[in-house]
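Step one of this worksheet: look at the structure below.
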Amino acid sequence: MKFPRHLLSIGDLSRESATALLDTAAELARISDGQIKKLPTLRGRTVVNLFFEDSTRTRISFETAAKRLSADVINFVAKGSSVSKGESLKDTALTLQAMGADAVIIRHHASGAPQRLADAGWIAGPVINAGDGTHEHPTQALLDAFTIRHHLAKDRGTLDGLEIAIVGDILHSRVARSNIFLLSMLGAKVTVIAPATLLPVGIESWPCSISYDLDDSIEKFDAIMALRIQRERMEQAFFPSEREYSRHYGLNGDRLSRLKSGAILLHPGPMNRGVEIDAKSADSVRSVIVDQVTNGVFVRMAVLYLLLSGSPANLAEEVKG
Amino acid sequence: MTRTFKLVNARLATGEKSSITVEAGVITSIGENAKSDVTEIDLKGKLVTPSFVDLHTHLREPGKENAETVASGTRAAVRGGFGAIYAMPNTNPVADTAGVVEQVHSLGLEEGRCDVIPIGAVTRGQEGKQLAEILAMAHSRAGVRVFSDDGNCVSDPLLMRRALEYVKIFDGVIAQHAQDPELTKDAQMNEGIISSRLGLKGWPAVAEEAIIARDVLLADHVGSKLHICHLSTAGSVEIVRWAKARGIHVTAEVTPHHLLLTDELASTFDPIYKVNPPLRTERDVHALRDGVADGTIDIIATDHAPHPLESKECEWPAAAFGMIGLESAFAIAYRALVKSGSLSLQSLVAAMTTKPAVIGSLSDRMSGLTVGAPASLNVIDLEKEWVIDRDRVESKSSNTPFHGLQVEGAVESVLFRGEWVMRDGAILR
């Protein structure tokens with residue numbers, strides 16, 4: 001199986017390589033359960049967290065993943081947001097290359113910045129997209145898939161036949177984009193549910209169904225993922241008020257009671273409690289939101305492992321050694 | 001200028017063979033019966049066209065001389081076969097006064113290798129709030145006849161109406177950059193399937209079409225002349241077609257890049273493909289070609305927009321909009337329109353010569369290959385294949401989306417008012 005050189009978008013993965021990645025993450029999770037917290041795999045390798053946008057959670061998750069593989073981690077928080085302010089992406093990349101970065105994990109407010117970094121020839125090593133603008137967040141989708149698989153498919157096989165809803169601001173969500181393409185590739189039936197203003201033009205061509213109504217078919221879903229809604233969207237006339245949004249698209253106690261048996265709730269965090277999800281839902285037994293965070297580390301370990309050291313077959317050997 | 005010579009074995013765009021005699025900078029005869037006692041230059045069947053006229057060039061001087069100057073821009077123009085280029089006013093300072101347009105005009109005269117004709121701003125500072133001193137620019141030594149806020153749209157309907165009325169005083173024209181600003185806030189590329197997938201903010205076709213629809217109705221209402229810059233969507237073609245059928249005085253231009261490239265190129269996230277208006281879909285490209293073919297779109301204009309390397313060597317949203325285009329214009333238009341079978345060579349030449357000259361009130365100087373006209377013409381080798389190379393351009397900037405593309409049709413020699421300004425690919429002035 002061929003694993004991509006970079007992880008920039010879900011489009012870089014095949015069903016086979018995505019499954020291998022999730023299997024590797026499951027193996028890493030199993031090893032961690034057995035008290036082996038740290039593997040020697042990436043000893044001597046330097047991984048850079050290049051964050052042009054604040055995200056403590058994602059940065060810490062990647063940092064933890066890299067450290068558990070014994071890599072050295074450099075956190076580079078870039079302040080500049082454009083060519084005129086601060087250092088350019090190119091100069092930052094050249095600097096990291098000159099310092100011997102073996103892999104760069106990049107979070108950027110601009111869609112496509114990771115691909116520029118990978119394609120422009122400024123750095124040699126693999127580039128991992130940790131969220132770019134409103135484009136993609138592939139490791140978030142992978143950890144979501146991992147979590148769904150763990151709870152609903154017993155860590156095995158695919159997501160074939162599972163009904164999964166993604167609710168909220170699809171238009172501006174990199175999490176939604178990555179998830180729609182990954183979950184459907186893995187066999188799930190994805191439905192996006194949002195007010196029409198928060199659905200992108202041309203979404204009919206994506207591998208998902210579209211609904212404006214959460215209550216319409218809430219009973220059928222095996223997993224429901226609520227997306228963070230940003231208050232600024234209200235000011236831009238995407239919806240009239242938080243109250244109206246919450247009433248029609250928020251996960252709450254009433255809707256919780258209608259879920260089918262065994263259904264789970266996901267949220268990529270950070271949550272706006274009381275808007276897209278209420279406390280009762282977020283803290284219920286249905287919620288796997290905390291698991292998502294735990295699984296994020298395993299999935300990111302698997303990504304680093306596969307991008308930096310090749311095939312998944314070595315893993316068992318290394319643990320033995 | 002006193003030299004007399006005769007171009008023999010020339011092929012005209014109509015396909016007929018001809019000879020052209022030039023005396024004292026003027027064409028004195030066309031056809032086989034021309035004088036025989038003068039120096040003959042054998043063109044060996046190559047195409048001769050009138051000089052091209054570009055109604056839409058950004059020369060960047062004054063203010064952004066790191067991107068382009070009148071000197072470098074006119075060299076690029078000559079390389080592309082242009083004898084006249086209209087310089088857009090979005091310089092720094094904006095060309096919104098007689099002083100600035102005269103400065104650009106005189107810089108062009110100093111360079112002397114093609115005509116540089118300033119376009120004046122419609123509104124002060126191109127801010128869209130109050131009219132610039134349009135009459136002062138019209139009556140200046142630059143004799144401005146075309147006004148545009150290009151880069152910005154004159155979005156206020158009342159101001160647009162007034163501008164259209166005001167230029168009637170001297171039979172001028174307003175060249176509108178049709179882009180509703182509210183519908184395109186922070187827009188990065190064509191809004192459609194690709195922009196949604198890439199998470200880049202969309203620039204919907206309706207933002208162009210709504211302004212064009214409004215403006216053709218305004219032009220009709222006040223009986224003035226409207227020109228649409230860089231038309232880019234299928235819907236815009238339909239609206240202009242309807243307006244022309246109704247007898248409204250509207251003309252329209254299309255750029256070579258909108259005739260060949262589509263928004264799928266944005267998937268590379270390489271901002272070399274970032275341009276305003278954005279690259280559209282294949283359906284739009286075909287509608288634009290059809291629009292040129294049936295005369296709905298009158299002319300080809302380059303929207304030559306030079307930017308320094310650092311404005312493109314960055315992430316897409318941070319990058320500048322625009323592409324250079326003077327040097328590759330003919331080859332790209334030839335490929336997109338003539339080679340594709342959409343248009344005759346003769347019609348393409350008209351769309352790059354006499355037709356833009358009429359819109360820009362330049363017919364006295366650019367009246368085509370006619371006896372008595374200034375001898376400004378191009379010798380073009382239509383069969384010659386060449387590769388567009390961003391590292392070998394006359395422009396100060398290298399932001400061409402066509403780097404590495406093999407094309408046919410090379411402008412080899414350029415005569416400007418009877419003087420060779422380029423000969424066999426070498427710029428002489």
Side-chain angles (χ1 to χ4, degrees), chain A residues 8-11 52-53 78 80-94 106 108-122 129 131-137 170-178 180-181 192 198-207 236-237, chain B residues 64 66-67 181-207 233 235 262-274 278 280-284 307-322 390 399 403:
Chain A
L8 307 174
S9 106
I10 291 302
F52 286 86
E53 189 181 73
S81 62
S82 71
V83 181
S84 55
K85 284 181 257 165
E87 194 173 50
S88 72
L89 183 61
K90 179 181 180 177
D91 288 325
T92 305
L94 293 174
I106 177 174
H108 204 289
H109 45 80
S111 298
Q115 190 169 329
R116 284 295 279 160
L117 203 59
D119 291 348
W122 302 325
N129 181 1
D132 61 329
T134 54
H135 176 222
E136 286 225 26
H137 194 353
I170 310 295
L171 178 62
H172 300 99
S173 176
R174 53 194 173 207
V175 174
R177 274 175 187 70
S178 289
I180 290 165
F181 289 92
V192 297
L198 292 175
L199 290 169
V201 164
I203 193 169
E204 305 76 26
S205 68
W206 294 9
Q236 295 160 347
Chain B
K64 291 176 202 150
N66 59 330
E182 294 297 324
L183 285 171
T184 54
K185 237 175 223 167
D186 302 322
Q188 297 293 324
M189 66 171 292
N190 179 50
E191 180 167 304
I193 288 172
I194 311 278
S195 67
S196 295
R197 182 67 188 88
L198 299 180
L200 287 173
K201 192 138 189 276
W203 194 135
V206 62
T233 78
T262 67
D263 62 350
E264 296 205 9
L265 290 164
S267 300
T268 62
F269 283 110
D270 184 344
I272 199 73
Y273 302 113
K274 182 174 172 179
R280 303 288 186 182
T281 66
E282 196 164 330
R283 180 178 156 262
D284 295 298
H307 289 290
L309 213 49
E310 55 269 29
S311 300
K312 290 287 189 180
E313 267 195 330
C314 54
E315 55 277 23
W316 182 288
F321 289 98
R390 65 183 169 216
N399 53 309
H403 178 68

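In what follows, every chain begins at residue 1, and chains take the letters A, B, ... in the order their sequences are listed.
- Classified by interplanar angle (parallel below 30°, tilted 30° to 60°, perpendicular above 60°), the ring pair A:H108/A:F52 is tilted.
- Of the residues considered (A:S173, A:S111, A:G133), A:S111 shows the highest number of contacts with chain B, using heavy-atom pairs under 4.5 Å.
- Less than 6.0 angstrom separates the ring centroid of A:F181 from the ring centroid of A:W206.
- The residues A:R116 and B:D270 are annotated as salt-bridged, a charged nitrogen and a carboxylate oxygen being separated by less than 4.0 angstrom.
- Chain A forms the most heavy-atom pairs under 4.5 Å with one residue out of B:G202, B:P271, B:S195, B:P204, and that residue is B:P271.
- A:E136 touches chain B through its side chain: at least one heavy atom from C-beta onward sits under 4.5 Å away, while N, CA, C and O do not.
- Atom CD of A:E53 has more than 12 neighbouring heavy atoms from other residues, nucleotides or ligands inside a 6.0 Å radius.
- For A:A110, the parts lying under 4.5 angstrom from a heavy atom of chain B are both the backbone and the side chain.
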